[in-house]
Amino acid sequence: MNYSPTFSTDVPNSTGTAVPQTVTPLHACDSHIHIVDARFASNMPTMAGATVADYRQLQRRLGTSRAIVVQPKNYGTDNSCTLDAIAQLGIENARGIGVVYPDVADAELQRLDRGGIRGLRFSLWNASNNVTTIDMVLPLAQRIDSLGWHVQLHMSGDQLVENAQLLERIPCSIVIDHMGRMPLAFGINHPSFKIITGLIDRGRTWVKLSGAYLNTEAGPPDYADATAIAKAFAVYAPERMVWGSDWPHVTEKEHKPDDARLFDLLAAWIPYESARVRALVDNPAALYGFTL
């Protein structure tokens, strides 16, 4: 792809300056970002250039207007930074995914709901720094079902297979993070693909087309192996796909990806404009409760 030299903007934690070549529709939603702000006490080293003000620069570059703020591990179960980010972005254009423990009070869940939280994340991929554990998923899913929230699962393909029976018992909606993190030697032939599509068939599961750099050995700019997985999901259930940048790319310590190129990957993953609009606008509106 050739990138236009007529407009550029520097964005912290993002490589490149050009805007995407893909047309960004009105009300396009970036369904996976993290905000890290030094104003809030962190249990990990604070990341520079990851505030709401920094993210607004990425919005201007990509042309998106809505965002889903996902609680980073920095803050454990203190959702103050995430709530603050939603308030700064405006609840009409932002929602959040929080982290809590099963003993959370009903009043706290109600407070989070008023603040724009619409789901709980369980990032179980890396056992060395997990905030939550797999045994917390079902009790919390039962607690939040009446709120209309979902559970967002960041698990490896192998973990999804190991916990397939548990996934069947979850009463609320499910969002699969980063395309399910399948072993790349198998790709969509890994049994986790069938597990995820089976959950989709039940009408309550969504997939985040995000984190190409987390699902690749081929690498940029095309991320061919991640692209094969994304295409398979998009063909299977275009009505259940949402897209996310994963900015500020906290896993990428030395080489940040080019967010315009990540956005343009969506055109390779979903070739038809109407289906891309669905993934960027209609599906996030249905999942997170935005007004169209």
Side-chain angles (χ1 to χ4, degrees), residues 31-48 50-52 55 67-89 91 94-156 159-160 163 166-167 169-178 181 206 208 210-211 214 244 246-251 287-289:
S31 293
H32 194 105
I33 72 165
H34 304 288
I35 296 297
V36 181
D37 191 324
R39 293 181 299 136
F40 298 89
S42 172
N43 57 24
M44 298 172 66
T46 299
M47 184 177 190
T51 67
V52 170
Y55 179 67
I68 307 305
V69 185
V70 179
Q71 172 86 343
K73 292 182 179 181
N74 300 62
Y75 303 116
T77 60
D78 181 354
N79 295 278
S80 300
C81 182
T82 297
L83 290 172
D84 178 80
I86 296 169
Q88 287 191 63
L89 292 166
I91 198 167
R95 300 288 190 271
I97 307 300
V99 176
V100 301
Y101 291 146
D103 61 355
V104 61
D106 288 340
E108 175 64 3
L109 291 176
Q110 293 291 341
R111 184 182 77 89
L112 295 175
D113 187 71
R114 291 191 299 271
I117 299 297
R118 292 297 179 266
L120 295 179
R121 193 189 197 205
F122 298 86
S123 186
L124 307 174
W125 164 263
N126 183 357
S128 68
N129 63 5
N130 287 351
V131 176
T132 53
T133 56
I134 190 66
D135 60 293
M136 297 180 184
V137 175
L138 187 58
L140 281 167
Q142 294 167 337
R143 294 280 306 279
I144 66 175
D145 189 28
S146 61
L147 292 170
W149 293 10
H150 59 266
V151 294
Q152 180 173 312
L153 304 177
H154 184 200
M155 302 167 67
S156 69
Q159 287 173 318
L160 290 168
N163 294 282
L166 170 65
L167 301 180
R169 297 169 60 197
I170 293 175
C172 60
S173 294
I174 299 170
V175 172
I176 302 296
D177 251 2
H178 303 318
R181 307 278 319 247
W206 308 72
K208 284 194 177 181
S210 59
L214 301 174
D246 196 29
W247 183 91
H249 315 295
V250 296
T251 60
L287 177 59
Y288 302 109

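Heavy atoms only: backbone and side chains are in, while hydrogens, waters and symmetry mates are out.
Leu153 is listed as a side-chain neighbour of Leu167, based on a closest heavy-atom distance under 4.5 Å. Using a 4.5 Å heavy-atom cutoff, the side chains of Met155 and Asn163 are in contact. Using a 4.5 Å heavy-atom cutoff, the side chains of Val151 and Phe122 are in contact. Between Arg143 and Pro102, the closest side-chain pair of non-hydrogen atoms is not below 4.5 Å. For the pair Leu124/His154, no side-chain contact is recorded, criterion being any heavy-atom separation below 4.5 Å from C-beta on. Residues Leu214 and Arg181 form a side-chain contact, since some pair of their non-hydrogen atoms from C-beta on lies under 4.5 Å apart. In this structure, the side chains of Leu140 and Val100 come closer than 4.5 Å at one or more pairs of heavy atoms. With a 4.5 Å cut-off on side-chain heavy atoms, Val36 and Ser42 do not count as touching.
Separating the CG atom in Asp37 from the SG atom in Cys81 is a distance of 5.0 Å, to the nearest 0.5 Å. With rounding to the nearest 0.5 Å, the separation of CE in Met47 from CD1 in Ile35 is 10.5 Å. Distance check: Arg95 CZ to Thr82 OG1 gives 14.5 Å after rounding to the nearest 0.5 Å. Interatomic distance, OH of Tyr101 versus CG of Leu120, reported as 12.5 Å (0.5 Å rounding).
Residues Asp78 and Ser80 share a closest heavy-atom pair of OD1-OG, 2.6 Å. Scanning all heavy atoms of the two residues, the minimum distance from Thr132 to Ser123 falls at OG1-N, 4.1 Å. Between Asn43 and Gly76 the shortest heavy-atom distance is ND2-N, 3.7 Å. Pro171 and Leu138 get closest at one heavy-atom pair: CD-CD1, 4.1 Å. Annotation for Ala141 and Ile170: closest pair CB-CG2, 3.9 Å, computed over non-hydrogen atoms.
Using a 3.5 Å distance cut-off with no hydrogens or angles, the side chains of Ser173 and His150 do not pair a donor with an acceptor.
With sequence neighbours excluded, no residue forms a side-chain hydrogen bond (donor to acceptor under 3.5 Å, both in side chains) with Arg114. By the side-chain hydrogen bond (donor to acceptor under 3.5 Å, both in side chains) test, Thr133 is found to be paired with Asp135, residues two or more places apart in sequence or in another chain being considered. Residues satisfying the side-chain hydrogen bond (donor to acceptor under 3.5 Å, both in side chains) criterion with Asp177, sequence neighbours excluded, are Arg121, Gln152. Partners of Arg111 by side-chain hydrogen bond (donor to acceptor under 3.5 Å, both in side chains), not counting sequence neighbours, listed by chain and number: Glu108. The ring-ring contact (aromatic ring centres under 6.0 Å, His included) search around Tyr75 returns none, not counting sequence neighbours. Judged as a ring-ring contact (aromatic ring centres under 6.0 Å, His included), and not counting sequence neighbours, Phe40 has no contacts.
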>> Show, in sequence, the C-alpha distance, side-chain angles and deciding distance for His178 and Ser210, and conclude whether the side-chain hydrogen bond (donor to acceptor under 3.5 Å, both in side chains) test is met.
In response: CA-CA 5 Å; His178 303 318; Ser210 59; 2.8 Å; yes
> Would Trp149 and Ile117 count as a side chain to side chain contact (heavy atoms under 4.5 Å, CB included) if you check the C-alpha gap in whole Å, the side-chain angles of each, and the deciding distance to 0.1 Å?
Replying inline: CA-CA 8 Å; Trp149 293 10; Ile117 299 297; 3.7 Å; yes
> Between Asn74 and Thr46, does a side chain to side chain contact (heavy atoms under 4.5 Å, CB included) hold up when you go through it step by step?
Replying inline: CA-CA 8 Å; Asn74 300 62; Thr46 299; 5.8 Å; no
>> Apply side-chain hydrogen bond (donor to acceptor under 3.5 Å, both in side chains) to residues Asp106 and Gln110 and explain how you reach the verdict.
In response: CA-CA 6 Å; Asp106 288 340; Gln110 293 291 341; over 6 Å; no
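Under the 4.0 Å criterion applied to side-chain N and carboxylate O atoms, Asp113 and Arg118 are assigned as salt-bridge partners.
Using a 30° and 60° split on the angle between ring planes, Trp247 and Tyr55 fall in the tilted class, from 30° to 60°.
Checked against Ile68 for a side chain to side chain contact (heavy atoms under 4.5 Å, CB included), the options Leu287, Ile86, Ile33, Ile97 give a single hit: Ile97.
Side-chain atoms of Asp246 do not come within 3.5 Å of backbone N or O of His32 as any donor-acceptor pair. Side-chain atoms of Gln71 never come within 3.5 Å of backbone atoms of Thr77 as a donor-acceptor pair (strictly under, hydrogens ignored). Within the 3.5 Å criterion, the main-chain N or O of Val175 finds no donor-acceptor partner in the side chain of Lys208. Remark: side-chain polar atoms of Ser156 are paired, donor with acceptor, to backbone N or O of Gln159 under 3.5 angstrom.
Taking the six-membered ring for Trp, His34 and His249 have ring centres at least 6.0 Å apart.
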